[in-house]
Amino acid sequence: MYSSATTPTPTATRTTLRPPTAATGRPGPKQVPPASRPVAPRGTEGRSTDARVPAGRTALGRTPETAPPVGHRLPLARQADGQVLRARRPGQPLGPERIDPSALQTPAVRAALGSVARICPAFTPRQVLREGSRHILVAGTIGRAPVVAKCLAPQAVRSEYFEQLVADFHHEVAVYRAFVRHRPPVRLPRLVAADHDRCVLVMERVPGRPAARERHPVNAPTPGEVRALLGAVRTLNLWRPPSDVFQPRLDYQLEIARYHSVGQLTDRDAGDLRGLLHGLGHTPLQLCHGDALLSNMLLAPSGPVLVDWEQAGWYLPGYDLAVLWSVLSGDTAARRQISQLAQNGGTLARDAFLVNLVLVLMREIRLYDVPGAGEEQRIMIRRLYDDAALARRAVRAAVGTR
């Protein structure tokens, strides 16, 4: 939620996804809206958290190797979301971003602050974390407590995806309220206040940095950080809150039909996936974050913190693992860990993971394979197609072992 995804970048390392066998094996998807409404371009505008395209929440300044000449003015650095930061002087400790105060005076931000003031009169804005076409994030304080206000951007009202954005925002508010009653076993920002009608959410600001600032990062987290992130995700997935607290978020049969209708899945692909789904008819669903991108995870001193809960709900087992597998193409060891975690649950867990993986990769291809893509994006698109072919083969082998 505090960062946004940037243009996807290519990765050089390839990872092997072994087709499952009768004894062992199996490898290695986020949700796409139904066919009745267009697919919002998640990951192209803003992260958070948005999923989708990240904006920073900690200091972004870089320390030069040597001090600048006397009288030299530090250059301005431009953040991914277009806000101006000041470069850090050598030896200057990392602190909150220094944002141009005029950012708080733009019409969109002023409208958002007016909505926040209705539910939190004591809210004092300090800086704009992101001003995008979908959401506006403003950091501030209530008394001495640091908080973040998230609002639906005024531009979203004119968007063709307006209904979907509002529905997702309402769902996130409902999830945070549910977490007040049923506290999950993972760290997440504490809800402070929410206005369902005006699409305003105020939560505590957790210190930390995103595990990645891109949807498909070039540099993966360290092995220790990957283990901690996977541990947090698995802890959430194994949690069993009351079944009526959350709702299923993905119609698998509809997703297969959608991708089949646009030619992303062949007749055989669709048949194989439906065959695996048939065998998973009585498999218990699993609570998943639903958008488990690295940019939606903070590395805090106390451990990983999960943010941006717009897609949280019940999925087939392994959905969050499939999302992480799809974006960690440059980390062979991490992909191997994810595949092993999926296989540890047995044949049904393996099959569910493969179904999720194929659908997630189809979504990523549809998101990035667009006209006008640059060379780096085309390289990443080729990598996604290679991963999708690998996942198809694994599904085919899984069907053959039944």
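None of these values were measured; they are calculated from a predicted model.
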Listing, residues 194-203 side-chain donor-acceptor contacts under 3.5 Å, not counting sequence neighbours, or none:
{"residue": "Asp195", "atom": "OD1", "partner": "Asp197", "partner atom": "N", "Å": "3.1"}
{"residue": "Asp195", "atom": "OD1", "partner": "Arg198", "partner atom": "N", "Å": "3.1"}
{"residue": "Asp195", "atom": "OD2", "partner": "Arg198", "partner atom": "NH1", "Å": "3.1"}
{"residue": "His196", "atom": "NE2", "partner": "His170", "partner atom": "ND1", "Å": "3.4"}

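- Residue pairs that meet the salt bridge (Lys or Arg N to Asp or Glu O under 4.0 Å) test with at least one member in residues 174-188, sequence neighbours left out, are Arg187-Glu204.
- Residue Asp387 is tested with Arg382, Arg335, Arg393 for a salt bridge (charged side-chain N to carboxylate O under 4.0 Å, His left out); the sole match is Arg335.
- Distance check, rounded to the nearest 0.5 Å: CG of Asp331 to CH2 of Trp325 gives 12.0 Å.
- A donor-acceptor pair is defined here as one N or O able to donate and one able to accept, closer than 3.5 Å; no such pair exists between the side chain of Glu172 and the backbone of Gln311.
- Judged by distance alone, the side chain of Asn344 and the main-chain N or O of Gln340 form a donor-acceptor pair under 3.5 Å.
- Between Met362 and Arg258, every side-chain heavy-atom pair lies at or beyond the 4.5 Å cut-off.
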message: What verdict does the side chain to side chain contact (heavy atoms under 4.5 Å, CB included) test give for Thr124 and Ile142, after you've listed the backbone C-alpha separation in whole Å, the side-chain angles of each residue and the deciding distance to 0.1 Å?
response: CA-CA 6 Å; Thr124 302; Ile142 297 179; over 6 Å; no
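- Between Ser133 atom OG and Tyr161 atom OH the span is 10.0 Å, to the nearest 0.5 Å.
- Side-chain atoms of Arg134 and Leu152, non-hydrogen and from C-beta on, never get closer than 4.5 Å to each other.
- Nearest heavy-atom pair, Gly279 versus Leu348, reported as atom, atom and distance to 0.1 Å: O-CD2, 3.7 Å.
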message: One pair to check against side chain to side chain contact (heavy atoms under 4.5 Å, CB included): Leu236 and Cys288. What are the steps and the verdict?
response: CA-CA 7 Å; Leu236 173 68; Cys288 294; 5.9 Å; no
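- Looking at Thr266, its side chain does come within 3.5 Å of a backbone N or O of Asp269 through a donor-acceptor pair.
- The shortest heavy-atom contact between Ala391 and Leu361 is CB-CD1, 4.0 Å.
- Legend: residues meeting salt bridge (charged side-chain N to carboxylate O under 4.0 Å, His left out) with Arg118, ordered by chain and number and at least two apart, are absent.
- Looking at heavy atoms from C-beta onward, Leu188 lies in side-chain contact with Tyr176 at the 4.5 angstrom threshold.
- Residues satisfying the side-chain contact (heavy atoms from CB on, under 4.5 Å) test with Ala228, not counting sequence neighbours, are Pro304.
- No side-chain donor-acceptor contact under 3.5 Å links Gln127 to the backbone of Ala139.
- Side-chain contact between Leu276 and Val395 is present, with at least one heavy-atom pair separated by less than 4.5 Å.
- Note: Glu163 CD to Asp168 CG = 12.0 Å, rounded to the nearest 0.5 Å.
- Val305 is not listed as a side-chain neighbour of Leu299, based on a closest heavy-atom distance of 4.5 Å or more.
- Under the side-chain contact (heavy atoms from CB on, under 4.5 Å) criterion, Leu238 pairs with Arg234, not counting sequence neighbours.
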message: Please evaluate residues Val147 and Thr141 with respect to the criterion side chain to side chain contact (heavy atoms under 4.5 Å, CB included), reporting the C-alpha separation (whole Å), side-chain torsions for both, the decisive distance (0.1 Å), and the verdict.
response: CA-CA 5 Å; Val147 297; Thr141 57; 5.7 Å; no
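- For the ring pair (Phe, Tyr, Trp, His ring centres under 6.0 Å) condition, the pairs that include at least one residue of residues 227-251, sequence neighbours left out, are Phe179-Phe246.
- Under a 3.5 Å cut-off, the side chain of Arg378 and the backbone N or O of Ala373 do form a donor-acceptor pair.
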task: Could you check Arg383 against Glu364 for salt bridge (charged side-chain N to carboxylate O under 4.0 Å, His left out), going step by step and ending with a plain yes or no?
output: CA-CA 11 Å; Arg383 190 270 298 168; Glu364 295 299 305; over 6 Å; no
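- With sequence neighbours excluded, no residue forms a side chain to side chain donor-acceptor pair (under 3.5 Å) with Asn219.
- Using a 4.0 Å cut-off between a side-chain N of Lys or Arg and a carboxylate O of Asp or Glu, Glu310 and Arg249 do not qualify as a salt bridge.
- Separation of atoms CG (Leu229) and CG (Leu328) is listed at 9.0 Å; rounding is to 0.5 Å.
- Residues meeting the side chain to side chain donor-acceptor pair (under 3.5 Å) test with Asn237, sequence neighbours left out: Asp320.
- Residues satisfying the side chain to side chain donor-acceptor pair (under 3.5 Å) test with Thr106, not counting sequence neighbours, are Glu131.
- Heavy-atom minimum distance, Leu165 versus Ser159: CD1-OG, 4.5 Å.
- Residues forming a side chain to side chain donor-acceptor pair (under 3.5 Å) with His260 (at least two apart in sequence, or on another chain): Asp267.
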message: Applying side chain to side chain contact (heavy atoms under 4.5 Å, CB included) to Leu250 and Tyr252, what does each step give before you reach the verdict?
response: CA-CA 6 Å; Leu250 196 63; Tyr252 284 87; 3.7 Å; yes
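- For Arg227, the side-chain contact (heavy atoms from CB on, under 4.5 Å) partners at least two apart in sequence or on another chain are Pro223, Gln337.
- When the side-chain contact (heavy atoms from CB on, under 4.5 Å) test is applied to Thr235, the partners found at least two apart in sequence or on another chain are Pro185, Val186.
- Side chain of Gln377 to backbone of Tyr368: a donor-acceptor contact under 3.5 angstrom is found.
- With 3.5 Å as the limit, one finds no donor-acceptor pair spanning the side chains of Gln247 and His171.
- Between Arg130 and Val138, every side-chain heavy-atom pair lies at or beyond the 4.5 Å cut-off.
- Using a 4.5 Å heavy-atom cutoff, the side chains of Gln286 and Leu316 are not in contact.
- The two atoms that bring Phe162 and Val157 nearest to each other are CD1-CA, 3.5 Å, heavy atoms only.
- Between Ser326 atom OG and Leu321 atom CG the span is 11.0 Å, to the nearest 0.5 Å.
- Rounding to the nearest 0.5 Å gives a distance of 11.0 Å between CH2 of Trp309 and CG of Asp291.
- Using a 4.5 Å cut-off on side-chain heavy atoms (C-beta onward), Arg392 and Leu265 make contact.
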